[in-house]
Number of protein chains: 2
Amino acid sequence: MKTQEAAHCLAELGNVTRLQIYRLLVKAGKNGLSVGDIQLALNIPGSTLSHHIRRLAKVKLIEQNKAGRTIFCKSQYNKLQEIIDFLVDKCCEGEACLEKTKISACQ
Amino acid sequence: MKTQEAAHCLAELGNVTRLQIYRLLVKAGKNGLSVGDIQLALNIPGSTLSHHIRRLAKVKLIEQNKAGRTIFCKSQYNKLQEIIDFLVDKCCEGEACLEKTKISACQ
DNA sequence: TATTTATTTCTATATTTTTAGAAATATAGA
DNA sequence: TCTATATTTCTAAAAATATAGAAATAAATA
């Protein structure tokens, strides 16, 4: 991952409401949550929620699939992996003081 | 780390210039770099650089110490550790599919 | 087909952020 | 003490973001 993309992803995570949404989805696992579930959990206006979800989806931190009139959102764990790898890469002049986080399941 | 603080830190990392500064410092290790070194590497106005460094320092992603008229900046690795821990905590309904990144040295 | 439900899009306003020139401060050295 | 160097603070303007009401869309159900 390049700096530009990493910064963009980190900026999307850098808003309290969006981070709450994202964390709900990280915890939720592969089935994810519907937009309605998230709205119920966070108690925010639909238009605000929709705006934040769209931004998370745009940078591929989450993905959405429609089932009838319900839209399910779920974390794209590989993107989080890439962000973490970017942040810890070549730490301390290559002295390898950071062991990488491995995201094994949930891909 | 709580959501509020995590979001704040992530927002500070979510700007290309600040992320470049931060990554230089993560790579630099425990001796860090002077403000002048960073300015040379990134080629940006001093006032802009100073503003970004201040923001990174404010959330303790980096620390600064003065030596004469030179200010050295270095990464506070433990903060990065906390952010990563926050992001991967309780992933996938506690199925523990994320192994935590360990930052052992450079504290 | 009419209604309800789930969610988005449109729109506008308030707030925050980014950028950088100019001036200020603080320390070292001549 | 005068000057040069390293860095910050002040200031202002442009751009981006956050928030949410209202209207629109799309699918399920009566």
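Chain letters run A, B, ... following the sequence lines, proteins first, then strands; residues in each count from 1.
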For this session: Answer yes or no: is there an ion pair linking Arg54(B) with Glu12(B), defined by an N-O contact shorter than 4.0 Å?
Result: no

Exercise. Heavy-atom distance under 4.5 Å between the side chains of Lys74(A) and Ile62(A), does that happen here?
Worked result: no

Exercise. Under a single-linkage definition using a 4.5 Å side-chain heavy-atom cutoff for Ile, Leu, Val, Met, Phe, Trp and Tyr, are Tyr22(B) and Phe72(B) assigned to the same hydrophobic cluster?
Worked result: no

Problem set entry | Nearest-nucleotide 5' precedence on DNA chain D, Arg69(A) against Ile71(B) | Ile71(B)

Dump the pairs, protein N or O against N or O of nucleotides 11-13 of chain D, anything under 3.5 Å, distances to one decimal.
none

Exercise. Any luck finding a side-chain donor-acceptor pair between Asn43(B) and Gln39(B) under 3.5 Å?
Worked result: no

Exercise. Taking CG from Asn43(A) and C1' from dA20(D), how many angstroms apart are they, rounded to a whole number?
Worked result: 13 Å

For this session: Please tell me if the side chains of Leu13(A) and Leu13(B) come closer than 4.5 Å, counting only heavy atoms from C-beta onward.
Result: no

Seminar exercise, completed: Between Ser34(B) and Glu12(A), the residue closer to the 5' end of DNA chain D by nearest nucleotide is Ser34(B)

Exercise. So, is Thr48(A) close to the dA20(D) phosphate, meaning a side-chain N or O under 4.0 Å from OP1 or OP2?
Worked result: yes

Problem set entry | Span of DNA chain C in contact with chain A (heavy atoms, under 4.0 Å) | dT4(C) to dT9(C)

Seminar exercise, completed: Note: Val88(B) and Arg23(A) closest approach over all heavy atoms is C-NH1, 4.0 Å

For this session: Using a heavy-atom cut-off of under 4.0 Å over every strand shown, decide if Gly68(B) touches base, sugar-phosphate, or nothing.
Result: sugar-phosphate

Exercise. If two hydrophobic side chains count as joined below 4.5 Å and joins carry through other members, does Val16(B) share a cluster with Leu49(B)?
Worked result: no

Exercise. So do Thr3(A) and Gln20(B) actually touch side chain to side chain, heavy atoms under 4.5 Å?
Worked result: yes

Exercise. Salt bridge between Glu82(B) and Lys60(B), side-chain N to carboxylate O under 4.0 Å?
Worked result: no

For this session: Using Watson-Crick or G-U wobble pairs with both distances under 3.5 Å, give me DNA chain C in dot-bracket, 5' to 3', with [ ] for crossers and | for pairs to another strand.
Result: ||||||||||||||||||||||||||||||

Problem set entry | Sugar-phosphate, base or nothing in reach of Thr70(B), heavy atoms under 4.0 Å | sugar-phosphate

For this session: Look at all strands and tell whether Gln64(B) reaches a base, only sugar-phosphate, or nothing, counting heavy atoms closer than 4.0 Å.
Result: sugar-phosphate

For this session: Would you mind reporting whether Cys9(B) and Lys79(B) have side-chain heavy atoms less than 4.5 Å apart?
Result: yes

For this session: Take the protein atom CG of Leu33(B) and the nucleotide atom C1' of dT7(D), then report the distance between them rounded to whole Å.
Result: 16 Å

Exercise. What nucleic acid atoms does His52(B) come within less than 4.0 Å of, heavy atoms only: base, sugar-phosphate, or nothing?
Worked result: sugar-phosphate

Problem set entry | Non-hydrogen side-chain atoms of Leu87(A) and Leu19(B) separated by less than 4.5 Å | yes

